[in-house]
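A short worksheet on the structure shown next.
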Amino acid sequence: MTSNASTLVVDARGMRCPWPALRLARAMRDASDVLLIADDPQAGREVAALAGEHGWSVESDAAPTDEGRWRVRR
């Protein structure tokens, strides 16, 4: 995990679900703005479900590669 200004970046590339969602949940304990990067095709569904449970907003950022990027905020 790295931090850019006020956005925490969680790089979960190479991890299979549920790990990207678990890393996101852990990051959101301390941060209110997280950028999750993951390449598992199921990650988008997991992120949306987790955000829905906690009332977080999610913005999907289409990446030119096979990885997904989601900006999650409280």
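All values reported here derive from a predicted model rather than from experimental measurement. Starting from 1, each residue takes its place in the sequence as its number.
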For this session: Can you see which heavy atom on E46 is nearest to which on A21, and at what distance?
Result: CB-CB, 3.9 Å

Seminar exercise, completed: Applying side chain to side chain contact (heavy atoms under 4.5 Å, CB included) to A25 and not counting sequence neighbours gives L50

Problem set entry | Gap separating the CZ atom of R73 from the CG atom of L35, nearest 0.5 angstrom | 10.0 Å

For this session: In sequence, state the C-alpha distance, the side-chain angles, and the governing distance for V10 and R26, and then conclude on side-chain contact (heavy atoms from CB on, under 4.5 Å).
Result: CA-CA 10 Å; V10 175; R26 183 175 187 188; over 6 Å; no

Seminar exercise, completed: To the nearest 0.5 Å, atom CZ of R69 lies from atom CD of E59 at 14.0 Å

Seminar exercise, completed: residues 13-37 vs ring pair (Phe, Tyr, Trp, His ring centres under 6.0 Å), sequence neighbours excluded, gives none

Problem set entry | All pairs passing ring pair (Phe, Tyr, Trp, His ring centres under 6.0 Å) where residues 20-52 contributes a residue, at least two apart | none

For this session: State which residue, out of V58, D33, V34, fulfils the side chain to side chain contact (heavy atoms under 4.5 Å, CB included) condition with R71.
Result: D33

Seminar exercise, completed: side chain to side chain contact (heavy atoms under 4.5 Å, CB included) filter on R16, not counting sequence neighbours, yields D39, D40, P41

Exercise. How would you list, by chain and number, every residue that makes a ring-ring contact (aromatic ring centres under 6.0 Å, His included) with W56, sequence neighbours excluded?
Worked result: H54

Exercise. Quick one: side chain to side chain contact (heavy atoms under 4.5 Å, CB included) partners of A12, sequence neighbours excluded?
Worked result: M15, P20, L36, A38

